[in-house]
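Each remark here refers to the structure printed beneath this line.
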Amino acid sequence: MEPKIQSKSWNHEIEKEILSRWEQDDIYRFAITDKPAFVIDTPPPYPSGRPWHIGAAAHYAQIDMIARTARMTGRNVLFPIGIDRNGLPVEIYTEKKYKVRMRQMDRQKFLDLCRGALDDLEAEMLQIMKNMGLSGNFKEYYRTDSDEYRALTQSTFIELWNRGLVYLANRPNNYCPDCGTTIADAEIIYNDLPTKLVYMKFKVSGSDDQIIIASTRPELLCSCQAVIVNPEDERYLDYQDRKVILPLFNREVPVKFHHSAKMEFGSGAVMVCSYGDQNDVQVFRELGLKEIVALNENGFTTEAAGPYAGLRVNQARTKVIEDLKAAGFVEKEENIMHRTPLCERSKTPIEIIPLHDYYVKQLDFIPQLHEMSKNLKFHPEMHRQILLNWLDSIAIDWPVSRRRFYGTEIPIWYCNSCKSPLLPNPGRYYRPWKEDPPFSNCQKCGGTEFTGEDRTFDTWMDSSISPLFVTKFCRNEELHSYTYPTAVRPQAKDIIRTWLHYTMLRCVQLTGKLPWSEAWIMGYGVDEKGEKMSKSKGNVIDPFPVIQQYGADTFRFWSASEANLGYDFRCSEQRIAGAQKFMSKLWNVGRFLSSFDVVSDRPSELEASDRWILAELAKLVEECRRGYDEYNFFVPANAVRDFAWNLFAAHYVEMVKGRAYNQASPGHASALYTLHKCFKTILLLLAPIAPFITEELWTKMYSDKTIHHQDLPHFNQLDVDGEMTRFTTPITEFNSLVWNKKKETVSKETGKPLSLKDPIDIPVPDQLAPFRKDLEEMHNLQK
RNA sequence: GGAUGGGUAGUCUAGCCUGGUUAGGAUACCUGUCUCACACACAGGUGGUCGAGAGUUCGAAUCUCUCCCCAUCCA
């Protein structure tokens, strides 16, 4: 009766051995077969260095559970692993690390520094992903800055260009003076920042009246082209189309009615400048005003600012306020908190200035995206609304050009004589800023001199074709048609309006098809107070040391048992430790059962207790299946833990110990069969969640083949009498009753409460007659 | 201001869609126990006006309405 398993607790150091075994046997390889393909459009993580985010690690653990669930339900799974390496974060990281300025050094040297930095960060990232037990395709992991990836980004852009879906426009756009580039609406965040609200006196032309105008942007006075008031504001009814005179600049501008003027803000009259905010842009457009460019691309005031030209925004503001005061144009100043648009990356206030940028058409596609999104299944359904709200709020096409370096180059050359933009043929990776064009004559004018475009794409241009890249679009027709559209896009809910939306847009434009059939949206990992983790709050928990201390399976099981589908989940180390206890319990149940022979064939007659637990087991399997069907691992994780610990180990195992130990007992085989049947099922049900410990127990106890090529159990495969579950409550209550009695009874010999093995005289109720023998032996019930 | 989700014992959470026994569980706390797998365990216990109010109903944590509070996203 020696257990096959010796060690008394689950040692997660074993995970490393198991990992290398899996790697050697290459158990997750993917090839085209006649089974249905199941492709996961894995989010490629950005290697931004430590600390990583525990919520992100949990996210990847769960994506792996999706992959394992699909594999164990008969699908041919392609689980790509990629690393996102384009964009601002690495540029900022590199500038800091090497104390350099991107625009003040050789472009190629800067790119080389970035690449080196990414390589180091990436290695660490891949290692942790592997250690977490991700069953992805690490052998062929991809990078979004590889020639192959960038060539696809460029090819798809050229395709859109040729179809007229790209245009160049000069229009007011969000501009980050610090990053020196255009940014999309989706990249803006808003913070309340302290600022001065200045109440300025505007003289009404041809009268002694004056209008008070409150503004947080007095430095933009020079670009003011109108003053607007609300048409319902009785204070200004008489002023429509009259002129007011700009203080300091002595220029006349008209007073107009516009519904966007808020009566309760300041004096109710608003000056409209080009451009203080998005509302100014709208008013300029609607009223047909002529814009005056007050700020240039470096964030300095222009000639239009007259005496205030050539200053930074803040300097200009200070000086304008001083002069306004000196000339008696200021009624008062207030210190207020103002909701200020900031660049998501650099946290610099953005400016709105007219810029030449390339736009990808998206407005025309919104009705189609609306319609097609109806065929996209959301897990959970409630997060569909985030996408719909975003689609409804999109007001402009997508500006895709960026004045940055570490990104995919926009593949355009300009003819020096006729200035026409010329695009190369799709297929390879182009770097116009350093390469000669692949043509020698301008198609328009025959010119022979060209200038390469030096801008790059918005990184979402790269990210938004991930489902095309991983299915080898344009590169392997056979594989692409087998794998596209893909099965599922797993992602976090905060990038629905960027990644999810842009991917739908681009894939629909390029293939006419929705790129996936399901979107699986995970909530945030939040801190112990329920607040979102962020580096600025300083409440980020790094997953590295946690995984190192507790092991991958504990971390994974914690993540599954804590995060209900789509809901935010709390990250607390105490609860991770709680998950570890279950790993230990599972291990010990296995250790105990490993001392009994495995009976795989079902005996013709099963004892009542055995039929009872099998009925409960069937219920468990059904519930777990329900969870797995919608990739909600919260359900199986908690259901299996509850069953294994509180029913199977606590009650059933104790009830059948007698029969299990006694080989002469008539119910011996029935007990051994049922014990192992239950435990095998528990292991299979947990395999997608905790792949290491289940593999170890499975291969030690039941098979020399991996558990991860098994199928998830089906409840109708278990031949059970569902009626038996009616005994569950009476059985657990009777057991409690006996335990209570023993505790209350003081032993005459020891003076302590009775030990659980001491005899006691309690009759088994008639209702539980079928279980009488097992219960009597379990509790040592004697007359 | 708008949208989404949530408010259940000290803390966390299930149940709510499909109203019905003493509102499950975890953790913490208290008490006891080494009982032939497990003290990372076992047994027992304290602790709840299910955010507030109203309505529907024989009956509401669950359905309806109003309000308050929290989180996240968007103006």
Side-chain angles (χ1 to χ4, degrees), chain A residues 1-11 185-186 188-190 260 262 264 277-279 339 341 380-390 392-395 492-498 521 523-524 526-534 550 554 558 561-564 566-596 634-635 638-639 641-642 645-646 649-651 653-654 657-658 660-661 675 679 729 733 735-744 746-747 750 752-758 778-780:
Chain A
M1 288 281 179
E2 271 298 298
K4 283 189 208 162
I5 292 165
Q6 296 294 327
S7 134
K8 277 182 127 183
S9 66
W10 164 241
N11 173 11
D185 286 352
I188 293 175
I189 56 166
Y190 290 85
S260 70
K262 290 196 191 83
E264 66 283 359
D277 57 25
Q278 281 298 343
N279 191 57
R339 186 169 170 275
E381 180 59 30
M382 67 181 176
H383 287 333
R384 178 189 301 278
Q385 200 56 39
I386 303 176
L387 177 67
L388 296 182
N389 290 350
W390 179 246
D392 288 337
S393 71
I394 291 174
K493 73 178 179 191
D494 56 342
I495 52 174
I496 288 178
R497 67 203 169 106
T498 49
I521 312 291
Y524 308 118
V526 298
D527 71 6
E528 297 193 351
K529 284 180 244 153
E531 288 174 22
K532 193 178 171 180
M533 287 185 196
S534 68
Y550 293 96
T554 293
W558 162 77
S561 66
E562 198 72 19
N564 202 344
Y567 290 88
D568 296 349
F569 55 98
R570 309 247 171 168
C571 298
S572 119
E573 182 154 356
Q574 193 183 48
R575 299 181 67 83
I576 297 172
Q580 189 182 34
K581 288 187 180 180
F582 177 57
M583 294 297 108
S584 181
K585 183 72 184 180
L586 188 70
W587 182 259
N588 273 298
V589 173
R591 189 168 96 92
F592 173 61
L593 294 187
S594 74
S595 57
F596 301 109
F634 183 80
V635 173
N638 286 297
R641 172 163 58 186
D642 189 53
W645 204 325
N646 299 328
H651 295 276
V653 170
E654 297 301 328
K657 265 185 184 169
Y661 277 115
L675 282 167
F679 195 64
T729 310
E733 279 177 356
N735 288 337
S736 266
L737 175 92
V738 177
W739 286 324
N740 252 326
K741 278 266 168 66
K742 286 193 176 176
K743 203 174 157 83
E744 287 162 11
V746 176
S747 161
T750 63
K752 286 185 184 175
L754 289 183
S755 157
L756 291 185
K757 66 182 176 186
D758 286 335
M778 169 184 179
H779 294 295
N780 198 7

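Because only heavy atoms are used, hydrogens play no part in the values below, and waters and symmetry mates are left out as well, while side chains stay in. Chain naming here is simple, since letters A, B, ... match the order of the sequence lines and numbering starts at 1 in each. Please read all numbers here as calculations on a predicted model, not as lab measurements.
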Contact class for A:K8 (heavy atom, under 4.0 Å): base, sugar-phosphate, or nothing?
sugar-phosphate
Looking at A:W645, I'd like to know whether one of its side-chain N or O atoms comes within less than 4.0 Å of OP1 or OP2 on B:C42.
yes
Winner on side-chain proximity to A:K752, out of B:C34, B:C40, B:A3, is B:C34
Once you apply a heavy-atom cut-off of 4.0 Å, does A:A649 come out as touching a base, just sugar-phosphate, or nothing?
base
If the cut-off is 4.0 Å, is A:K585 near the phosphate of B:C42, judged by side-chain N/O to OP1 or OP2?
yes
Tell me what A:K743 touches on the nucleic acid: a base, only sugar-phosphate, or nothing, going by heavy atoms under 4.0 Å.
base
For B:G59 and B:C12, measure between their P atoms and round to the nearest Å.
33 Å
Within the structure shown, what part of the strands sits under 4.0 Å from A:Y524 by heavy-atom distance: base, sugar-phosphate, or nothing?
sugar-phosphate
Looking at every strand, decide which applies to A:N564 at a 4.0 Å heavy-atom threshold: base, sugar-phosphate, or nothing.
sugar-phosphate
Would you mind checking if A:K741 and A:E744 are paired as a salt bridge, meaning a charged N to carboxylate O distance below 4.0 Å?
no
With heavy atoms under 4.0 Å as the rule, sort A:E654 into base, sugar-phosphate or nothing.
base
Out of B:A37, B:U35, B:G45, minimum distance to the side chain of A:N740 belongs to B:G45
How would you label the contact of A:S736 with the nucleic acid (heavy atoms, under 4.0 Å): base, sugar-phosphate, or nothing?
sugar-phosphate
Parallel, tilted or perpendicular: which describes the rings of A:W739 and A:H651, with under 30° parallel and over 60° perpendicular?
tilted
Considering only the P atoms, how many Å lie between B:G51 and B:U13, rounded to the nearest integer?
13 Å
